[in-house]
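These notes concern the structure reproduced below.
The first residue in the sequence is number 1, and the count goes up from there.
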Amino acid sequence: AKQDALETVKLYAVIRQWARQGNVTLTDSDREALEKQRQQYINYYGSQEAYLKQIQGMGVSETMFDSINQGYYLYAGVRQAFCTEGSALYPAQEDIDALAKDSGYATRLAAESFAQQLRDSQDVAATYLDLAAQLGMENVTEEGVTASAGDMGETLAAAVAALEPGQVSGVIETDNALYVAVGRELNRSAVVNALFETRIKDAVANAQMDYNTRLYNKLNVGDFYTKL
């Protein structure tokens, strides 16, 4: 609790400093809201005297208590100024660009741009290949990629499954990456190949062998694979 109180004090100190730098003050609406809040406290405790005693019991003066309450409205004003282009608190463009790059915002904007290019294209397949080349993706074909839900992950698999052939998704965000998908007809050949891999693994796992233990123990592995 003491640590929380300390962090709150630090927060309000920073907000007041930024407010001075940005010439942010309480608005008439803020002051009216604060006065209304004060009156509600007085009504709740029954009188102004009881309200002041309650404040004193908290170990702060009325001035300090009012200052704490003002902090909430100053915070909102400072935030609005910080986010308003042209204000004294608005960040420099290089700072905005740096955060966008570090936090992946730029990557998301690029993904949204790719999605829009695919939607606007008259030849989605060609645009898909062009964008894949720009991203340095290798072994990409018009057929796209056929993968199981387990390989794709729940989020991506659900989004892809909902697409009609030729339909372009929005930006699909997973824990590891951003995707833009284009619905395609099922590539049965790829599925058959995957089925072969599954079946052969199952067959090997379930195969039973009878062998001569005496001969097995004498087996020379190098000779065995040479003569196999």
Side-chain angles (χ1 to χ4, degrees), residues 1-38 60 63-121 124 127-138 140 145 152-160 162-163 167-182:
K2 289 183 178 180
Q3 185 62 36
D4 290 342
L6 178 60
E7 293 302 315
T8 300
V9 170
K10 288 163 60 178
L11 171 62
Y12 284 154
V14 169
I15 287 300
R16 288 190 175 85
Q17 181 182 19
W18 285 22
R20 287 193 294 272
Q21 292 173 356
N23 196 30
V24 176
T25 60
L26 294 176
T27 66
D28 290 341
S29 178
D30 293 338
R31 297 184 186 284
E32 289 176 7
L34 283 165
E35 180 56 34
K36 182 178 180 179
Q37 183 183 60
R38 184 176 186 278
V60 297
T63 300
M64 176 62 73
F65 188 69
D66 288 344
S67 179
I68 293 172
N69 289 333
Q70 290 171 7
Y72 170 81
Y73 292 93
L74 269 182
Y75 183 98
V78 166
R79 185 186 187 95
Q80 182 177 2
F82 187 91
C83 297
T84 301
E85 191 169 358
S87 77
L89 294 179
Y90 192 74
Q93 187 61 49
E94 56 265 29
D95 294 333
I96 299 173
D97 293 341
L99 179 61
K101 182 178 180 181
D102 293 343
S103 302
Y105 291 117
T107 302
R108 185 176 188 87
L109 287 173
E112 290 173 350
S113 173
F114 288 165
Q116 192 59 53
Q117 290 180 59
L118 286 164
R119 292 192 197 98
D120 294 341
S121 175
V124 174
T127 303
Y128 167 74
L129 292 174
D130 180 55
L131 293 175
Q134 291 180 40
L135 292 171
M137 297 170 61
E138 299 179 351
V140 175
V145 177
M152 288 188 287
E154 184 178 347
T155 301
L156 180 58
V160 170
L163 295 174
Q167 182 181 2
V168 180
S169 74
V171 177
I172 306 166
E173 184 171 356
T174 69
D175 292 337
N176 302 317
L178 299 176
Y179 296 88
V180 176
V182 179

Practice problem: Go through Tyr12 and Leu74 one step at a time and tell me if the side chain to side chain contact (heavy atoms under 4.5 Å, CB included) criterion holds. | Solution: CA-CA 9 Å; Tyr12 284 154; Leu74 269 182; over 6 Å; no
Exercise. Quick one: do Gln134 and Phe114 satisfy side chain to side chain contact (heavy atoms under 4.5 Å, CB included)? Show the steps, please.
Key: CA-CA 11 Å; Gln134 291 180 40; Phe114 288 165; 4.2 Å; yes
Quiz item: Passes side chain to side chain contact (heavy atoms under 4.5 Å, CB included), Val180 versus Val168? Steps please.
Solution: CA-CA 7 Å; Val180 176; Val168 180; 4.1 Å; yes
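A side-chain donor from one of Asp30 and Thr27 sits under 3.5 Å from a side-chain acceptor of the other. If you check the side chains of Asp66 and Gln70, you find no donor sitting under 3.5 Å from an acceptor. Side-chain contact check for Gln117 and Ser121: no donor-acceptor pair (N or O, by modelled atom type) lies under 3.5 Å.
The local environment of CG in Asp28 is sparse, with at most 12 non-hydrogen atoms from other residues, nucleotides or ligands closer than 6.0 Å. Residue Gln167 places its CD atom among more than 12 non-hydrogen atoms of other residues, nucleotides or ligands, all under 6.0 Å distant.
Val24 has its side chain out of reach of Phe82: every pair of non-hydrogen atoms, C-beta onward, lies at least 4.5 Å apart.
Put simply, CD on Glu85 and CD1 on Ile96 are 7.5 Å apart, with the number rounded to the nearest 0.5 Å. Interatomic distance, CD of Gln80 versus CG of Leu89, reported as 11.5 Å (0.5 Å rounding). A distance of 9.5 Å separates OH of Tyr73 from CG of Leu26, quoted to the nearest 0.5 Å. Between the CG atom of Asn69 and the CD atom of Glu35 there is a distance of 11.5 Å, given to the nearest 0.5 Å. Here CD of Gln37 is found 9.5 Å from OH of Tyr72. Values are rounded to the nearest 0.5 Å. Interatomic distance, Asp120 CG to Thr127 OG1, rounded to the nearest 0.5 Å: 9.5 Å.
When atom types are taken as modelled, the side chain of Arg119 and the backbone of Ser169 share a donor-acceptor pair closer than 3.5 angstrom.
Of all non-hydrogen atoms in Gln21 and Ala88, the two that sit nearest each other are O-CB, 4.1 Å. Contact between Tyr75 and Leu11 at its shortest, heavy atoms only, is CE1-CD1, 4.1 Å.
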